Amino acid sequence: MKLLHISDLHIGKKVKGFSLLEDQKYILKQITETAVEQKVAGIIIAGDIYDVSSPSNDAINLFDNFITDIHSKGISCYVVSGNHDSIYRIAFGSDIMAKENIYFAKRYKGEIIPIEAGKNVNIWLLPFIRPMDIREYHQDFAIGSYDEMMQAVIKNLDINTKKTNILVTHQFVTCSGKSPEKSDSEIAALGTLDNVDVSNFKEFDYVALGHIHKPQIMGRDTVRYAGSPLKYSFSEKNDKKSMVLLDISPDKKIKQELIPFKPLHDMREYIGTFEELSKNQETDDYVRIILKDENYITDIKHKLENKFKNIMEILYDNTYTRENKDIKNVQFIKNKTPFDLFNQFYEIQNNRPLNDIQSEIVNEIFTEMEEAK
Ligand SMILES: [Mn+2]
């Protein structure tokens with residue numbers, strides 16, 4: 001029996017003001033096509049369906065089309081909400097949709113009923129939870145940390161270890177204090193003490209994780225972050241995004257295969273001077289440009305746009321940006337002319353004095369101001 005594990009779709013996400021909806025539509029189509037090609041029985045989505053708890057109409061519409069498409073191919077779906085999602089919105093109508101084999105995790109109320117995905121495969125859907133969400137259901141437990149919360153949850157499960165048990169969760173899973181490799185696009189949602197140790201999951205044959213955007217295993221090779229299908233920050237520029245194809249045999253053995261995503265636009269970084277970058281080949285990837293020029297170039301975005309169709313960010317790496325002095329600690333010369341003060345200020349900020357032409361312009365401005373008094 002085959003299953004596909006994905007997570008962190010973040011539908012509706014914008015990066016640096018760019019809507020990624022078309023990219024997401026493209027990648028969701030790839031997921032559906034892969035699921036059909038590989039003849040999977042179901043798709044596991046381990047949280048962060050949307051980027052925000054109140055997603056836009058376009059985002060909801062895109063996910064609706066995706067789920068409807070999967071359903072029309074006779075493929076099941078197993079979904080939990082992530083920390084970016086609203087559990088109430090995700091769990092809406094879940095009992096009704098479950099009858100059509102589209103399973104959305106319900107709000108956690110002290111127990112989880114496993115879903116029989118195959119004759120001998122149980123899938124446990126745990127939506128993203130915080131200790132405060134579940135204390136009332138486990139009053140015999142002193143739940144302080146996230147780890148204690150997970151112990152309480154797992155202890156309450158009636159796991160038949162003769163079957164293959166798959167847990168789907170969006171908690172921040174670490175291994176003996178070792179964190180996974182993080183990215184900038186998930187930081188906003190992560191606290192400092194919200195980790196859950198991987199040792200909690202000993203009874204599960206596979207743990208389908210969401211939350212961390214770089215695909216990776218955690219502790220053992222059957223506890224895996226699927227990662228986001230697209231790069232959602234420049235810190236992910238070297239990530240190899242993929243979906244996880246699981247092939248479960250009757251003897252509980254699980255084969256895993258990573259199937260790489262092919263995005264509509266890649267996200268890349270280019271470093272060089274304006275002259276060097278002007279010789280680049282045309283690209284419509286999402287790019288961050290790091291300019292090595294010492295002098296600022298006016299209208300730079302416009303000038304680079306004939307080569308780079310989707311510039312998300314332009315930064316400078318030069319003497320000024322590398323040695324930015326703290327202006328608060330500078331002693332300004334007293335009893336000097338406005339021009340001298342300006343010149344000193346300019347030098348502190350740019351690590352070089354005004355050149356002759358600049359001096360002339362600034363001098364002229366101060367003279368005019370003086371005359372206007
Ligand atoms: Mn996420």
Side-chain angles (χ1 to χ4, degrees), residues 4-16 18-21 23-28 30-31 43-56 58-60 62-63 66-67 77-91 104-105 108 125-130 133 146 150 167-174 179-196 198 207-218 223-244 258 261 263 267 286 312:
L4 203 55
H5 166 203
I6 55 169
S7 77
D8 297 87
L9 308 180
H10 287 263
I11 299 173
K13 186 172 179 66
K14 284 187 179 155
V15 177
K16 307 272 176 197
F18 282 70
S19 165
L20 299 185
L21 217 60
D23 300 81
Q24 292 173 327
K25 190 176 174 185
Y26 187 86
I27 222 73
L28 290 174
Q30 231 165 76
I31 294 167
I43 299 178
I44 293 169
I45 311 178
D48 283 356
I49 312 308
Y50 299 112
D51 192 48
V52 292
S53 59
S54 316
S56 68
D58 286 342
I60 293 171
L62 181 53
F63 188 59
F66 174 61
I67 291 290
C77 212
Y78 307 91
V79 188
V80 303
S81 52
N83 56 316
H84 281 250
D85 298 308
S86 151
I87 174 71
Y88 291 93
R89 288 192 170 89
I90 296 295
F104 287 92
Y108 182 83
L125 298 181
L126 176 64
F128 178 76
I129 46 171
R130 300 171 182 86
D133 300 328
Y146 275 71
M150 190 55 82
L167 176 69
V168 186
T169 173
H170 194 83
Q171 303 303 138
F172 179 34
V173 176
T174 56
S179 285
E181 283 181 62
K182 298 181 199 167
S183 320
D184 288 345
S185 59
E186 81 241 356
I187 278 172
L190 290 178
T192 46
L193 292 167
D194 51 2
N195 64 300
V196 164
V198 68
V207 184
L209 297 175
H211 202 15
I212 295 297
H213 291 179
K214 185 189 174 87
Q216 59 197 292
I217 54 165
M218 203 10 79
V223 179
R224 189 182 281 281
Y225 287 106
S228 56
L230 294 166
K231 299 176 185 180
Y232 286 136
S233 68
F234 283 99
S235 69
E236 293 157 68
K237 61 182 191 280
N238 297 323
D239 281 8
K240 303 239 177 316
K241 305 293 190 184
S242 55
M243 44 197 139
V244 190
L258 298 183
F261 281 113
M267 193 178 278
Y286 295 126
M312 283 189 159

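Start at 1 and go down the list; that is how both ligands and their atoms are numbered. Residue numbers run from 1 in the order of the sequence given. Computed from a prediction, not measured in an experiment: that's the story for all the values here.
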Tell me whether the Mn ion (ligand 1) has [X] as a neighbour, meaning an N, O or S atom of it below 2.8 Å.
X: Asp48; result: yes
X: His10; result: yes
X: His213; result: yes

Problem set entry | For the Mn ion (ligand 1), the closest N/O/S atom belonging to Asp8 | OD2
Problem set entry | Centroid-centroid under 6.0 Å between His84 and Tyr50 rings |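 No, they do not, as the ring centres are separated by 6.0 Å or more.
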Exercise. How are the rings of His211 and His170 set to each other: parallel, tilted or perpendicular (split at 30° and 60°)?
Worked result: tilted
Exercise. What class does the angle between the rings of Tyr286 and Phe18 fall in, given that below 30° is parallel, 30 to 60° is tilted and above 60° is perpendicular?
Worked result: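 Tyr286 and Phe18: perpendicular rings.
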For this session: Spell out, as yes or no, whether a donor-acceptor pair under 3.5 Å connects the side chain of Glu186 to the backbone of Ile212.
Result: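 A pair under 3.5 Å: no.
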